[in-house]
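First up is the structure itself, then whatever we jot down about it.
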Amino acid sequence: MQKPYERYLQEVLIDSETLQARVAELGREISADYAAVPDVLLVCILKGGVLFLSDLMRHLDFPHSIDFMAIASYGSGARESSGRVRIDMDLRQDIAGKHIIVVEDIVDSGHTLQYILNILATREPASVKICTLLSKPSRRLVHIDLDYVGFEIPDKFVFGYGLDLDEHFRNLPFIGVCKPNSQVGAS
Ligand code: IMP
Ligand code: MG
């Protein structure tokens with residue numbers, strides 16, 4: 001029988017094994033860089049970053065804590081960020097003096113991340129680095145220095161492994177490319 005997501009899936013872009021291997025590699029790289037750094041806080045951007053965060057932190061061997069932030073984007077379609085973003089859920093702690101690693105699912109135009117970075121900067125952390133699972137460089141509208149990137153991908157709408165298709169399928173263990181013009185629920 002066809003699985004519910006198969007209707008919307010054009011192709012698997014990154015399979016589960018490839019994802020897990022790369023996440024482990026990123027974990028080792030970050031662990032090497034942060035071996036001697038105190039007060040490290042991973043800031044996961046909800047909701048897309050949760051699967052990545054939970055897998056990544058299993059590969060970190062230095063002391064760190066985690067916190068969450070949710071950003072809402074409005075003023076355009078659900079698949080495109082308008083550049084108009086706001087905080088939907090803020091961190092629950094003071095980050096002054098802390099070494100922050102922002103954990104994101106994907107950087108597309110860069111608007112969301114730029115907004116987050118501006119906010120974090122006003123709170124005087126000791127440092128801020130970015131770790132994103134995916135990046136679509138061809139879609140970038142604002143330049144952002146990414147410190148750790150899992151995979152650079154082409155300009156295609158993807159879902160799975162934290163990323164949603166109209167809020168569905170975040171649980172899939174792989175990253176899939178969405179068929180053009182598909183909308184969950186539409187027949
Ligand atoms: P940006 O502000 O344009 O960089 O968009 C970033 C946000 O848009 C991400 O955090 C995702 O929530 C969402 N997004 C961008 N591209 C995709 C995609 O291909 N699949 C699912 N969500 C995406
Ligand atoms: Mg996101």
Side-chain angles (χ1 to χ4, degrees), residues 4-16 18-19 22-23 26 42-56 66-91 100-121 128-186:
Y5 68 82
E6 287 174 359
R7 256 181 84 183
Y8 311 103
L9 182 69
Q10 186 163 61
E11 56 169 330
V12 173
L13 186 64
I14 309 169
D15 65 28
S16 171
T18 308
L19 271 175
R22 181 67 184 132
V23 172
L26 283 172
L42 305 188
V43 171
C44 175
I45 309 304
L46 295 174
K47 305 169 201 169
V50 281
L51 270 70
F52 181 37
L53 173 81
S54 66
D55 284 339
L56 180 70
I66 62 171
D67 205 345
F68 299 88
M69 202 170 181
I71 308 297
S73 161
Y74 56 95
S76 72
R79 304 241 174 115
E80 204 130 298
S81 91
S82 56
R84 291 158 67 203
V85 280
R86 64 179 163 80
I87 297 184
D88 214 25
M89 189 191 99
D90 206 344
L91 298 171
I100 309 296
I101 305 174
V102 177
V103 178
E104 253 286 31
D105 53 355
I106 186 164
V107 184
D108 188 30
S109 70
H111 281 135
T112 307
L113 204 47
Q114 186 186 49
Y115 177 80
I116 293 166
L117 291 177
N118 286 342
I119 288 172
L120 296 181
V128 179
K129 283 195 183 186
I130 315 290
C131 177
T132 185
L133 178 68
L134 306 175
S135 171
K136 289 182 189 168
S138 64
R139 298 255 311 165
R140 204 76 86 246
L141 295 175
V142 291
H143 174 80
I144 292 178
D145 288 316
L146 301 176
D147 302 281
Y148 307 98
V149 178
F151 303 88
E152 291 197 340
I153 63 167
D155 179 10
K156 291 184 172 159
F157 196 83
V158 293
F159 66 99
Y161 198 69
L163 294 104
D164 72 302
L165 183 57
D166 305 329
E167 287 301 324
H168 292 75
F169 309 130
R170 294 187 193 272
N171 59 313
L172 298 175
F174 57 83
I175 301 278
V177 175
C178 182
K179 282 183 188 163
N181 305 318
S182 48
Q183 219 177 331
V184 179

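When reading the values below, keep in mind they use all heavy atoms of this one structure, side chains included, and skip hydrogens, waters and symmetry mates. Keep in mind the model is a prediction, meaning the values are calculated, not measured. Whatever order the structure lists ligands and atoms in, that order sets their numbers, starting from 1. We're numbering straight along the sequence, starting at 1.
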So is there a nitrogen or oxygen of [X] less than 3.5 Å from a nitrogen or oxygen in ligand 1?
X	result
V158	yes
G110	yes
D164	no

Please list, in number order, the atoms of ligand 1 under 4.0 Å from a heavy atom of [X].
X	result
S109	1 (P), 2 (O), 3 (O), 4 (O)
K156	19 (O)
H111	2 (O), 4 (O)

Can [X] be said to touch ligand 1, with heavy atoms closer than 4.0 Å?
X	answer
E104	yes
Q114	no
D105	yes
F159	no
K136	yes

Are any side-chain N or O atoms of [X] and backbone N or O atoms of [Y], one a donor and one an acceptor, separated by less than 3.5 Å?
X	Y	value
R22	V149	yes
D147	C131	no
D105	G162	no

Flag side-chain contact, heavy atom, 4.5 Å: [X] against [Y]:
X	Y	result
Y161	V23	yes
V85	H111	no
L113	E104	yes
F52	T132	no

Nearest to atom 11 (C) of ligand 1 by heavy atom, I45, I71, I106, L13: which?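 Checking each option, the heavy atom nearest atom 11 (C) of ligand 1 is found in I106.
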
I175: which of D15, V12, L133 passes side-chain contact (heavy atoms from CB on, under 4.5 Å):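 Testing each of D15, V12, L133 against I175, the sole residue satisfying side-chain contact (heavy atoms from CB on, under 4.5 Å) is L133.
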
Measure L141 to ligand 1 on non-hydrogen atoms and call it side chain, backbone, both or neither using the 4.0 Å cut-off.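 Under 4.0 Å from ligand 1, L141 contributes no heavy atoms.
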
Looking only at heavy atoms, is any part of T112 under 4.0 Å from ligand 1, and if so is it the side chain, the backbone, or both, or is it neither?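 For T112, the contact with ligand 1 is made by both the backbone and the side chain.
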
Parallel, tilted or perpendicular: which describes the rings of Y5 and F169, with under 30° parallel and over 60° perpendicular?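 Perpendicular, since the angle between the ring planes exceeds 60°.
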
